Undergrad: 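Mind having a look at this structure? Questions to follow.
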There are 2 protein chains.
Amino acid sequence: MDPRHEVALDQVLELTVLLAEDMAGSLGRDGLTPARAHLLWVLRERGPSTQVVLADALRVSARNVTGLVDALEAADLVARRPHPTDRRATLVGLTEQGGTITARMAHDKALLAAGLFGGLGTEQVQTFSDTLAGVLDRLKVMVADAADTSREPT
Amino acid sequence: MDPRHEVALDQVLELTVLLAEDMAGSLGRDGLTPARAHLLWVLRERGPSTQVVLADALRVSARNVTGLVDALEAADLVARRPHPTDRRATLVGLTEQGGTITARMAHDKALLAAGLFGGLGTEQVQTFSDTLAGVLDRLKVMVADAADTSREPT
DNA sequence: TATTGTTATACTCTATAACTATA
DNA sequence: TATAGTTATAGAGTATAACAATA
């Protein structure tokens with residue numbers, strides 16, 4: 001009922017829209033979609049991975065990973081190679097060009113962080129971050145509760 | 001270069017992911033997708049509108065609006081009727097059931113706002129909101145600049 | 001001529017189910 | 001038996017281009 005809460009939520013929602021737009025724009029310049037960029041990012045963090053691991057990390061189906069890897073392989077951003085010990089599995093790794101692009105993504109992300117928060121004082125950033133941490137915790141609880149409720153629909 | 005900025009951005013990005021998940025979950029219970037819910041929401045705010053107006057508000061192609069309206073009409077959430085003065089145009093409006101659902105969406109949104117910010121003090125919400133307003137302003141400038149640069153590629 | 005909405009076509013992301021090869 | 005990845009199929013969101021009806 002407090003209008004300040006609704007205003008704050010509206011601001012957060014606007015932020016999500018603008019961020020998605022900004023990031024899609026950056027990725028588009030590299031010819032990447034958000035889903036494909038996400039996969040590259042996971043590879044950058046985890047190193048060469050099987051497709052099952054990628055599906056789990058991205059929280060999508062194995063089938064979907066096949067498609068994303070197909071597209072990224074065609075663009076020479078990732079390469080498939082046989083798993084050394086499990087002959088069922090495939091190891092997906094970044095190519096040199098994939099490494100270059102993910103490095104640029106990391107750089108762009110740092111620029112974005114600086115652009116958004118660079119004008120704020122250290123205390124202000126800290127306060128914002130602390131508040132956000134609390135909000136995130138509450139949201140996680142709400143998401144978990146909703147999942148429980150829908151799984152057990154009394 | 002300040003790690004606090006990157007941490008804050010990571011928190012914001014996590015928030016966007018969790019929010020999208022939470023909202024998709026709520027909508028899913030109504031059998032709605034985010035795109036269709038967005039169209040309903042615009043209709044709730046603006047009242048009956050032509051498809052061109054909807055395409056503009058949603059920032060998607062006219063073709064896309066045709067598809068979304070087709071689906072929502074099949075679910076009896078919106079209805080097409082002839083425009084009173086322009087015989088080329090169609091007016092799309094919420095049905096009674098569409099009104100019920102958008103009212104529930106508004107209610108859910110208020111619940112979400114209360115859940116996220118209800119535990120915070122008035123001052124804390126205000127401070128958060130003020131900081132967020134500044135961040136939003138800076139982001140808008142960055143998005144606008146990026147659009148200029150890509151339109152006029154030196 | 002310009003605008004509104006549709007048909008035609010295509011690409012991406014997503015999912016489930018059935019299947020092959022391997023563990 | 002169970003797991004890794006693929007093929008088959010399908011639905012949703014998105015786009016551009018061509019077109020009909022109307023302004």
Side-chain angles (χ1 to χ4, degrees), chain A residues 17 20-21 23-25 27-43 46 48-75 77-93 150, chain B residues 17 20-21 23-25 27-43 46 48-75 77-93 150:
Chain A
V17 170
E21 198 174 314
M23 297 179 75
L27 298 174
R29 265 173 264 135
D30 283 327
L32 282 175
T33 61
R36 292 172 192 175
H38 192 181
L39 195 152
L40 292 183
W41 193 256
V42 169
L43 246 27
R46 304 200 175 199
S49 311
T50 65
Q51 296 189 186
V52 169
V53 166
L54 291 174
D56 200 61
L58 299 170
R59 307 213 289 174
V60 299
S61 66
R63 174 61 184 91
N64 199 348
V65 171
T66 296
L68 296 173
V69 171
D70 284 350
L72 290 167
E73 199 171 37
L77 298 177
V78 308
R80 285 180 168 104
R81 63 173 192 271
H83 191 285
T85 64
D86 186 339
R87 289 200 305 174
R88 294 170 304 178
T90 307
L91 270 185
V92 181
S150 67
Chain B
V17 170
E21 198 173 313
M23 298 179 74
L27 297 174
R29 266 173 262 135
D30 282 328
L32 282 176
T33 60
R36 292 172 192 176
H38 192 180
L39 195 153
L40 292 183
W41 193 256
V42 169
L43 246 27
R46 305 199 175 200
S49 311
T50 65
Q51 296 188 186
V52 168
V53 166
L54 291 173
D56 200 61
L58 299 170
R59 305 212 292 172
V60 299
S61 66
R63 174 60 185 90
N64 200 347
V65 171
T66 297
L68 296 173
V69 171
D70 284 350
L72 290 167
E73 199 171 35
L77 297 177
V78 307
R80 284 178 168 105
R81 64 172 192 271
H83 191 285
T85 64
D86 186 340
R87 288 200 304 174
R88 293 171 306 181
T90 307
L91 270 185
V92 181
S150 66

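Order of the sequence lines sets the chain letters (A, B, ...), proteins ahead of strands, with each chain counted from 1. These figures come from a predicted structure and were not determined experimentally. In what follows, every heavy atom counts, from backbone to side chain, and hydrogens, waters and symmetry copies are set aside.
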Undergrad: Counting just side-chain N and O atoms, does B:Thr50 come under 4.0 Å of either OP1 or OP2 of C:dT4?
TA: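 Result: no.
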Undergrad: By side chain to side chain contact (heavy atoms under 4.5 Å, CB included), which residues pair with B:Ala71, not counting sequence neighbours?
TA: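 Expected list: B:Arg36.
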Undergrad: Taking only residues two or more places apart in sequence, or in another chain, which ones meet B:Arg81 in a side chain to side chain contact (heavy atoms under 4.5 Å, CB included)?
TA: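 Partners of B:Arg81 under the side chain to side chain contact (heavy atoms under 4.5 Å, CB included) test: B:Pro48, B:Leu91.
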Undergrad: Indicate whether OP1 or OP2 belonging to C:dT3 is found under 4.0 Å from a side-chain N or O atom of B:Gln51.
TA: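 For C:dT3, OP1/OP2 do not have a side-chain N/O of B:Gln51 under 4.0 Å.
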Undergrad: Once rounded to the nearest 0.5 Å, what's the spacing between atom CG of A:Leu39 and atom CG of A:Leu58?
TA: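 Going from CG on A:Leu39 over to CG on A:Leu58, the span is 5.0 Å.
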Undergrad: Scan A:Asp70, A:Leu68, A:Val92 and name whichever one has a side chain to side chain contact (heavy atoms under 4.5 Å, CB included) with A:Val78.
TA: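 One option only clears the test, and that one is A:Val92.
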Undergrad: Check the pair B:Leu32, B:Leu77 against side-chain contact (heavy atoms from CB on, under 4.5 Å), reporting the backbone distance first and the verdict last.
TA: CA-CA 10 Å; B:Leu32 282 176; B:Leu77 297 177; 3.8 Å; yes
Undergrad: Between A:Asp70 (CG) and C:dC11 (P), how many Å, whole number?
TA: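 For the pair A:Asp70 CG and C:dC11 P, the rounded distance is 15 Å.
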Undergrad: Rounded to the nearest angstrom, tell me the gap between atom CZ in B:Arg36 and atom C1' in D:dT14.
TA: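 In whole Å, D:dT14 C1' and B:Arg36 CZ are 13 Å from each other.
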Undergrad: Between atom CG in A:Leu32 and atom P in C:dC11, what is the gap in whole Å?
TA: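 Roughly 18 Å, once rounded to whole Å.
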Undergrad: Whole angstrom is fine here: how far is it from CG in A:Leu40 over to P in C:dC13?
TA: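 About 11 Å, once rounded to whole Å.
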Undergrad: In whole Å, what is the span from the CG atom of A:Leu68 to the C1' atom of D:dT6?
TA: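 Distance, rounded to whole Å: 14 Å.
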Undergrad: What's the NE2-C1' distance between A:His38 and C:dT14, to the nearest Å?
TA: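 In whole Å, C:dT14 C1' lies 15 Å from A:His38 NE2.
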Undergrad: Regarding B:Thr90, tell me which of base, sugar-phosphate or nothing describes its non-hydrogen contacts under 4.0 Å with the strands shown.
TA: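 It contacts sugar-phosphate atoms only.
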Undergrad: Taking side chain to side chain donor-acceptor pair (under 3.5 Å) as the test, write out the residues that go with A:Asn64, two or more places apart.
TA: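 Here no residue qualifies.
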Undergrad: For nucleotides 15-23 of chain C, read 5' to 3', which letter fits each nucleotide if B means a protein heavy atom sits under 4.0 Å from the base, S means only the sugar-phosphate is that close, and - means neither?
TA: BB----BBS
Undergrad: Counting side-chain heavy atoms from CB outward, which of C:dC13, D:dG13, C:dG5 is closest to B:Ala89?
TA: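 Output: C:dG5.
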Undergrad: Expressed as a whole number of angstroms, how long is the span from B:Leu54:CG to C:dT3:P?
TA: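 Roughly 18 Å, once rounded to whole Å.
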Undergrad: Which nucleotide in the set D:dT14, C:dT14, D:dA12 lies at the smallest distance from any side-chain heavy atom of A:Ala35?
TA: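 When the side chain of A:Ala35 is considered, C:dT14 is the closest of D:dT14, C:dT14, D:dA12.
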Undergrad: Quick one: which of D:dG5, C:dG5, D:dG13 gets closest to the side chain of B:Thr33?
TA: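 Selected nucleotide: D:dG13.
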Undergrad: Can you list, pair by pair, the side-chain donor-acceptor contacts under 3.5 Å of residues 49-57 of chain B, counting residues two or more places apart and other chains?
TA:
unit_1	atom_1	unit_2	atom_2	d
B:Ser49	OG	B:Gly47	O	2.7
B:Thr50	OG1	B:Val53	N	3.3
B:Gln51	OE1	B:Arg80	NE	3.0
B:Gln51	OE1	B:Arg80	NH2	3.3

Undergrad: Given atom CG of B:Leu72 and atom C1' of D:dG11, what is their separation to the nearest angstrom?
TA: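 Rounded to the whole Å, the gap is 15 Å.
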